[in-house]
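Read the numbers this way: they start at 1 and go in the same order the structure lists the ligands and their atoms.
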Amino acid sequence: MSTALSVNLNKVALIRNSREGNFPSLIEFGNISLEGGAQGLTVHPRPDQRHIRPGDVYDLAKVVKSFPDAEFNIEGNPFAAAQGDYPGLMQLVADTQPDQCTLVPDSDDQLTSDHGFDLTTQSERLAPIVEQLHQLGVRVSLFMDPDIEQIKLARELGVARIELYTGPYALNYPSAQHSACLEQYRQAADYARGIGLAVNAGHDLNLDNLPDFLSIAGIAEVSIGHALTVDALRFGMPQAVTRYLQICQRSA
Ligand SMILES: CC(=O)[C@@H](O)[C@H](O)COP(=O)(O)O
Ligand SMILES: NCC(=O)COP(=O)(O)O
């Protein structure tokens, strides 16, 4: 099986935002990624617009549509309030109709995503959001820790996928805890697939830790941005995309 690579362009936007103007262009790097064979693009618009801006979401939706087989994945917290010209995640999704929306429980003051949903407390308020996204024809993925009890609750919400938050996996690679950590993710992924959920994964995956992670059977998609952008500084964007694709094509 091959795992789809969705290139997250957040950090290209971070560089762009450090000066006036539109350099680097996200449209250019979105095209380079998809021309290089990536199966999709991911963006994570946040209310403070530290990187992805609403205009980027509309621009990249158009880029993805120009590649018939490519997918657009918009991530974010559906409960984060509109702020300035950030209209809220659900408005951006309604306007651009992405293939997938990955719901992430980030608060506005987080440096980055650092945990999955606690569905014991969030399921009730997520249910109408999931329904709304399904009404829009958007596939829903929930950002989750590798916790089987939580994954059971994700299935009850009727979503198609979960995205395993791989921050702890990356943190433990390579260490004495690596094997046990990988096994926890394997068991969570196997369980999720066994109850009918497809499994995505993301956060801090890189060229070193990705091969071991993709020894886990049936990972549908990995979304990678931070390390891939650094690798683009090293090798150029086309070669960086190629190197991740080579690993994804060898997945279990
Ligand atoms: C949800 C997740 O792990 C990442 O996709 C997220 O996009 C990281 O956000 P930053 O790029 O803002 O760190
Ligand atoms: N969902 C994970 C993602 O889109 C990118 O995460 P990272 O590679 O920037 O850590």
Side-chain angles (χ1 to χ4, degrees), residues 3-18 26 29-30 33 38-54 56-57 60 64 70-80 83 86 89 92-93 98-117 139-146 159 161-173 185 189 198-210 213-214 219-234 237 240-241 243-245 247-248:
T3 299
L5 172 66
S6 187
V7 174
N8 182 309
L9 293 172
N10 291 357
K11 298 303 158 29
V12 178
L14 196 66
I15 297 169
R16 190 271 318 273
N17 292 0
S18 59
L26 267 73
F29 278 79
S33 302
Q39 284 81 14
L41 299 180
T42 289
V43 291
H44 190 146
R46 295 175 182 271
D48 64 11
Q49 300 188 43
R50 64 187 74 171
H51 39 57
I52 296 292
R53 295 167 174 161
D56 298 323
V57 180
L60 292 172
V64 172
E71 289 203 343
F72 193 35
N73 175 40
I74 301 178
E75 301 181 327
N77 181 341
F79 307 119
Q83 186 178 314
Y86 174 75
L89 178 77
L92 290 171
V93 170
D99 301 274
Q100 176 175 268
C101 179
T102 301
L103 301 177
V104 186
D106 285 3
S107 57
D108 296 355
D109 60 354
Q110 276 175 226
L111 173 66
T112 185
S113 309
D114 59 16
H115 63 281
F117 274 106
R139 183 175 69 227
V140 182
S141 179
L142 293 181
F143 197 63
M144 302 295 292
D145 298 312
V159 298
R161 298 197 183 184
I162 60 169
E163 175 174 334
L164 290 175
Y165 164 50
T166 50
Y169 166 77
L171 204 60
N172 281 295
Y173 181 92
Y185 280 85
V199 180
N200 295 347
H203 203 90
D204 284 339
L205 293 173
N206 60 41
L207 290 173
D208 296 324
N209 64 32
L210 185 59
F213 190 83
L214 292 185
I219 301 295
E221 174 187 288
V222 287
S223 40
I224 305 176
H226 192 92
L228 191 149
T229 306
V230 174
D231 290 320
L233 296 175
R234 292 190 179 111
M237 191 67 167
V241 170
R243 291 184 186 217
Y244 281 93
L245 281 172
I247 298 169
C248 288

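Aromatic ring pairs are classed by plane angle as parallel below 30°, tilted from 30° to 60° and perpendicular above 60°; the pair Y165 and F143 is tilted.
Side-chain contact between L228 and N8 is absent, with no heavy-atom pair separated by less than 4.5 Å.
Remark: H226 NE2 is loosely packed, at most 12 non-hydrogen atoms of other residues, nucleotides or ligands lying under 6.0 Å away.
Contact residues for ligand 2 (protein heavy atom closer than 4.0 angstrom to any ligand atom): N8, T42, E75, E163, G202, H203, D204, S223, I224, G225, H226.
The nearest non-hydrogen atom to atom 12 (O) of ligand 1, considering only H203, H44, K11, H51, comes from H51.
Not a single N or O atom of Y165, backbone or side chain, sits closer than 3.5 Å to an N or O atom of ligand 1. On a distance-only criterion, R50 and ligand 1 share no N/O pair closer than 3.5 Å.
In terms of protein heavy-atom proximity, atom 11 (O) of ligand 1 is closest to N10 ND2, 2.7 Å. Summary of contacts: the protein heavy atom closest to atom 4 (C) of ligand 1 is E75 OE1, 3.6 Å. For atom 1 (C) of ligand 1, the nearest protein heavy atom (residue, atom name, distance) is S113 OG, 3.2 Å.
Panel note: side chain T3, backbone I219; a donor-acceptor pair is recorded below 3.5 Å. With D106 contributing its side chain and N77 its backbone, the two residues share no donor-acceptor pair below 3.5 Å. The closest donor-acceptor contact from the side chain of N17 to the backbone of H51 lies under 3.5 Å. Formation of a donor-acceptor pair under 3.5 Å by the Y244 side chain with backbone atoms of V7 is not found in this model.
Under 4.0 Å from ligand 1, the heavy atoms of R46 that appear belong solely to its side chain.
The ligand atoms of ligand 1 that sit less than 4.0 angstrom from a heavy atom of N8 are 5 (O), 7 (O). Less than 4.0 angstrom separates some heavy atom of T112 from each of these atoms of ligand 1: 8 (C), 9 (O), 10 (P), 13 (O).
A donor and an acceptor atom, one from each side chain of N73 and Q100, are located under 3.5 Å apart. No hydrogens or angles considered: nothing links the side chains of N10 and R46 as a donor-acceptor pair under 3.5 Å.
Checked for salt-bridge contact, R234 and D231 meet the test: a charged N lies under 4.0 Å from a carboxylate O.
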